[in-house]
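Notes follow the structure.
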2 protein chains.
Amino acid sequence: MATGRTHRPATRSRGIPEATVARLPLYLRALTALSERSVPTVSSEELAAAAGVNSAKLRKDFSYLGSYGTRGVGYDVEYLVYQISRELGLTQDWPVVIVGIGNLGAALANYGGFASRGFRIAALIDADPAMAGKPVAGIPVQHTDDLEKIIKGNGVSIGVIATPAGAAQQVCDRLVGAGVTSILNFAPTVLSVPDGVDVRKVDLSIELQILAFHEQRKAGEEALPDGLPASAAAARESTDKGPDGDVPAVMPA
Amino acid sequence: MATGRTHRPATRSRGIPEATVARLPLYLRALTALSERSVPTVSSEELAAAAGVNSAKLRKDFSYLGSYGTRGVGYDVEYLVYQISRELGLTQDWPVVIVGIGNLGAALANYGGFASRGFRIAALIDADPAMAGKPVAGIPVQHTDDLEKIIKGNGVSIGVIATPAGAAQQVCDRLVGAGVTSILNFAPTVLSVPDGVDVRKVDLSIELQILAFHEQRKAGEEALPDGLPASAAAARESTDKGPDGDVPAVMPA
DNA sequence: CGATGTGAAAAAATTCACAGCA
DNA sequence: TGCTGTGAATTTTTTCACATCG
C-alpha cells in the first residue's frame, strides 16, 4: 500500500481498496445524519454501529484516507464529512442523465438522494415521443433523438439506464459514443462497453434470489427436498453479518 | 455478537461461499437465455463470457454445487438451470410483499422479473389511505393497518421495503414481528433486525457515489484542489467489478 | 485513560495450472 | 482431444490486538 511519496503522514496514496470505497458512502450517510443533529464528534464504535459495520473495519477503512481522528476522542463529524465527500468526488457537481422514464426512471428522477449528494439531474430522456416535454420531477422529458446533443451540451459523464432490457445496449452505446464514461445500469442485461468505461448494475431479481437462498436454508435445516448426497443443509449462519448490525453488501462490487 | 455458531460442522458440501451465491443468479440468467434459444450445452468459457465473469471463477463456483458438467463437452443447459434454481430455492414459490407504493414501489410491482423467477407478489401495502384499493400493476394496494394480517395470511417470509427512510425501521419491525425473515431494503437507512433475519440493501445513491469516485479518478489525474495527491490509480480496471459487463435487472414498463 | 491507527494474523475470494475423465 | 474439476498459489478483505498519542 502507499506509494509513500513522502509528503504528509502518507497512507492513502495509491489505491483505496474497492471494498473500502464501497463503504465510504455508508459512512458518509451516517455522518450526515449526525451532522444534521449537530453531533460534533463520534467514535469509531458509534459511527460503525450507525453504519452497520464493525469498528475495526471502519478504522482500517479510514486509515486508507489518512489520519483524520483524534486518539482518545474520536472523529470530528464535519471534518470527516468533508474528507469523505472529497475522496468520493462529491465536492463537485456531477450532471447525470437518466434514460428511460418509465416507472423506475420516474422513481429515480424523484429520488431525493441524488440531488443532495453532488448529483444533478441534467436531463431525462425517453424514446417515447408522447413523453417529450412532459415534466417528471419538475424536469421536462426530452426525446432520445437529442441524446448526443444533451450529453455534450451538459458535459455529462454519468448516465443512468432505466430502459427495457432490449434497448439498454443501444442506449449504452450512444451514451458512450457521446462521452459518458460511467453507467449505472438498471436494465437486466450484460452491457459491453469499451475499456475506460465503468458500469455498475442494480439488479432487483438478483438481490431477491440471494435472499431466497438464505431463506430456504433457514427453513430446511434438515428436510431436504431433492435427493443427492451433496445436499445437506448445514453450517454457516443465515445471518452472516458482521458482529453487529446487518449490512449485507451491495455491490456487488 | 459472536455467539450462535455451532450447528453442523460443515458437512463437506454445504458451505457455498457468499461470493458464489451472489453470482449464481447471474449464471442462472445467462443459462435461461441460452435455454430459450434451445442451446443444449455450453462450455465454462462461453457461459462465463455471457455472465460477465472469467471461466476459472465460474468453474470454481460450480464445483461448490457438485459436478454437473461433462469433461470435454461442457454443461447441459437445462440440467444446470434446474440445479442452480434448486440451490437458490427458486423451485418453490415465494410470496413477497412490497411496502411503500410510491414511485419506486410501483416500479418494483411492475417489474416482470418477479414472477418469472419463483417470486409472487402477494400484496402491495401503503400507509396512504388514499392508495387503498387502487390497483398498481393489477394488484390492489392494501393499507398498512392490515400488514400483520396480510403477512400471516399469505405465509410471507420475504418483504421489500420501498418506503421513505423515516418509516423504514418501523415497517421493518412490523414485518419481522409478523414473521418475515428476509428483507430487501430500498430505503436509505441501516435497519436493525434480530438475529436470524436477513437484510439486503439496495441503495441507489451509493451506487452513484461509487461511480463518482471512479469517475473523479479518471478525470483528475492532473491537479487536485486540496493538498494530498489523490491516488494515481494506475492501470487496473475500466470496468469495476467483474471482468466485463454486468448483469442488472429491474426495469420499468 | 481512552480511542485511534496499524502491523500482523486469519479468513475469504480469486486465479493459476494441470491432472484426469468423457 | 477438449474441457471440467480442483489443489495450490495468490490476492484481497477482514479481524485481531496493542503500541501510541492526545
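Protein chains get the first letters and strands the later ones, always in sequence-line order, with residue 1 at the start of each.
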What is the nucleic acid contact for B:F62, judged by heavy atoms within less than 4.0 Å: base, sugar-phosphate only, or nothing?
->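 Result for B:F62 = nothing.
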Atom pairs under 3.5 Å, N or O on each side, protein against nucleotides 20-22 of chain D: can you list them with distances?
from, atom 1, to, atom 2, distance (Å)
D:dT20, O2, A:R71, NH1, 2.6

Check against side-chain hydrogen bond (donor to acceptor under 3.5 Å, both in side chains), B:S205 and A:R117 = CA-CA 8 Å; B:S205 74; A:R117 274 271 161 297; over 6 Å; no
Picking from [options], which would you name as closest to the side chain of [X]?
X     : options               : answer
B:S43 : D:dC18, D:dT4, D:dT13 : D:dT4
A:S44 : C:dT4, D:dA8, D:dG5   : C:dT4
A:A56 : D:dC16, C:dT14, D:dT6 : D:dC16

Hey, does the side chain of A:Q169 reach the backbone of A:S192 with a donor-acceptor pair shorter than 3.5 angstrom?
->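 Between the backbone of A:S192 and the side chain of A:Q169 there is a qualifying donor-acceptor contact (under 3.5 Å).
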Which comes earlier along DNA chain C counting from the 5' end, the contact point of B:A19 or that of A:V42, where each point is its nearest nucleotide?
->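 Per heavy-atom nearest nucleotide, the more 5' residue is A:V42.
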Quick one: is A:K57 getting a side-chain N or O under 4.0 Å of the D:dT15 phosphate, OP1 or OP2?
->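 Answer yes for this pair, as a side-chain N or O of A:K57 is under 4.0 Å from OP1 or OP2.
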CD/A:Q92: more than 12 non-hydrogen atoms of other groups inside 6.0 Å =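 Yes, the 6.0 Å shell around CD holds more than 12 heavy atoms from other groups.
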Got a sec? Which of residues 30-37 of chain A come in under 4.0 Å of DNA chain D, heavy atoms?
->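 DNA chain D contact set from residues 30-37 of chain A: none.
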Distance flag, aromatic centroids of B:Y68 and B:Y79, threshold under 6.0 Å |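 Close enough - the centres of the two rings lie under 6.0 Å apart.
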